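Remarks on the structure that follows.
On a predicted model such as this, the values are computed, not experimentally measured, just so you know.
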Amino acid sequence: MNPPRTDARRHHDPEVRGFASDNYAGAHPEVLAALALANGGHQVAYGEDAYTENLQQVIRSHFGPTAEAFPVFNGTGANVVALQAVTDRWGAVICAESAHINVDEGGAPERVGGIKLLTVPTPDGKLTPELIDREAYGWDDEHRAMPQVVSMAQSTELGTVYTPDEIRAICEHAHAHGMKVHVDGSRLANAAATLDVPLRTLTNAVGVDLLSLGGTKNGALFGEAVVVLDPDGIQHMKHLRKLSMQLASKMRFVSVQLEALLARDLWLRNARHANEMAQRLAEGVRAVHGVEILYPVQSNAVFARLPHDVSERLQKRFRFYFWDEAAGDVRWMCAYDTTEDDVDRFVAALKEEMAR
């Protein structure tokens with residue numbers, strides 16, 4: 001059979017790779033195949049389709065028998081919906097100063113969600129009970145936003161990973177204060193791959209209440225999900241999702257992607273590969289005199305410090321971002337489709353630019 005006709009044209013070189021973001025990668029071929037599989041005929045809209053129904057079983061196999069998934073369009077939407085679900089209008093969320101919800105979501109949790117963020121500085125992007133206590137007070141003070149949630153990113157914005165014991169300690173501490181715990185899991189797969197543990201070990205098994213489950217950074221075309229681990233304690237999610245403009249009419253195309261990632265081991269294969277490429281990159285960078293790796297490389301991110309002019313020249317050859325331009329800090333991300341050759345060519349280019 002001849003392939004369907006299309007008048008679209010390719011406008012990019014598919015051989016070009018960068019290290020700016022795992023969002024730059026295309027969709028995994030197995031995800032694209034799943035989308036094609038779901039495309040025929042009619043299915044009920046707004047989540048009453050067979051694919052979204054089946055996704056619930058897949059989610060429960062990873063997060064326990066009470067887990068419920070609410071597919072959404074993107075990670076910011078997932079975070080806003082999730083945090084709205086566990087805060088009152090006077091509520092606040094404690095998070096790391098470097099958290100994505102604080103620095104990379106355009107103020108959406110505060111402007112769209114109406115949620116005050118109470119941030120604390122962290123040396124490595126990770127919260128601790130002691131750090132949380134810097135903002136965990138004043139519940140009866142009407143002059144202060146009430147701390148109701150602790151939100152942690154796994155892996156963090158600095159590429160570091162919480163252990164199960166660290167998450168359990170945070171959950172126990174937060175729950176003792178009457179607060180719930182949210183995990184921004186846009187790269188949860190990378191953390192689980194690093195620790196070689198099931199997803200439940202980092203979530204419901206240690207007391208997490210709800211999470212934003214990533215798909216896009218792990219090989220999906222688009223789409224994430226809010227996963228509620230205890231529906232009895234968190235209600236009205238479907239209303240909040242619609243109110244926040246995150247209800248997909250053709251939801252089957254979000255759900256089938258998450259199914260393709262999670263039904264077997266595609267999520268883990270993709271995450272392991274991205275992590276391995278980051279380790280290869282870190283090993284190569286450590287051999288380059290004058291370049292400093294800033295944080296432990298525990299997921300698919302490498303943070304480094306090097307001369308500003310070197311970074312600017314290198315950016316003309318490979319796309320990546322400054323993290324702190326004044327300090328000369330940069331971030332290099334690996335994706336499921338990053339190859340060993342991509343990494344080796346980047347390290348060779350780094351050496352050339354450092355030698356100039």
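- When only modelled atom types and interatomic distance are considered, Asp184 and Asn79 share a side-chain donor-acceptor pair under 3.5 Å.
- Considering only heavy atoms from C-beta on, Leu221 stays 4.5 Å or farther from Phe253 through its side chain.
- Counting non-hydrogen atoms of neighbouring residues, nucleotides and ligands closer than 6.0 angstrom, the NE2 atom of His12 exceeds 12 such neighbours.
- Taking the ring centre of Tyr336 as origin, the terminal cationic atom of Arg272 falls outside the region bounded by 6.0 Å and 45° from the ring axis.
- A salt bridge does not link Arg252 with Glu53: none of the charged nitrogens is closer than 4.0 Å to a carboxylate oxygen.
- Using a cut-off of 4.0 Å between Lys/Arg side-chain N and Asp/Glu carboxylate O, Glu352 and Arg317 are scored as salt-bridged.
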Side chain to side chain contact (heavy atoms under 4.5 Å, CB included) evaluation trace for Val330 with Trp323: CA-CA 5 Å; Val330 298; Trp323 190 253; 5.8 Å; no
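- Between Arg286 and Ile293 there is a side-chain heavy-atom pair separated by less than 4.5 Å.
- Val80 has its side chain within reach of Gln84: a pair of non-hydrogen atoms, C-beta onward, lies under 4.5 Å apart.
- Classified by interplanar angle (parallel below 30°, tilted 30° to 60°, perpendicular above 60°), the ring pair His173/His177 is perpendicular.
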Could you walk me through whether Glu30 and Arg269 pass the salt bridge (charged side-chain N to carboxylate O under 4.0 Å, His left out) check? CA-CA 12 Å; Glu30 293 180 38; Arg269 284 186 279 132; 3.3 Å; yes
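- The side-chain heavy atoms of Val291 and Met354, taken from C-beta on, include a pair separated by under 4.5 Å.
- Look at Arg60 and Glu68 and you find no salt bridge, because none of the NZ, NE, NH1 or NH2 atoms lies under 4.0 Å from a carboxylate O.
- The existence of a salt bridge linking Asp344 and Arg280 is confirmed by a sub-4.0 Å separation between a basic side-chain nitrogen and an acidic carboxylate oxygen.
- The CG atom of Leu199 sits 7.0 Å away from the CG atom of Leu262 when rounded to the nearest 0.5 Å.
- In this structure Glu292 satisfies the side chain to side chain contact (heavy atoms under 4.5 Å, CB included) test together with Leu294, Arg305, sequence neighbours excluded.
- Using the six-membered ring where Trp is involved, Phe19 and Phe346 have ring planes that are tilted, between 30° and 60° apart.
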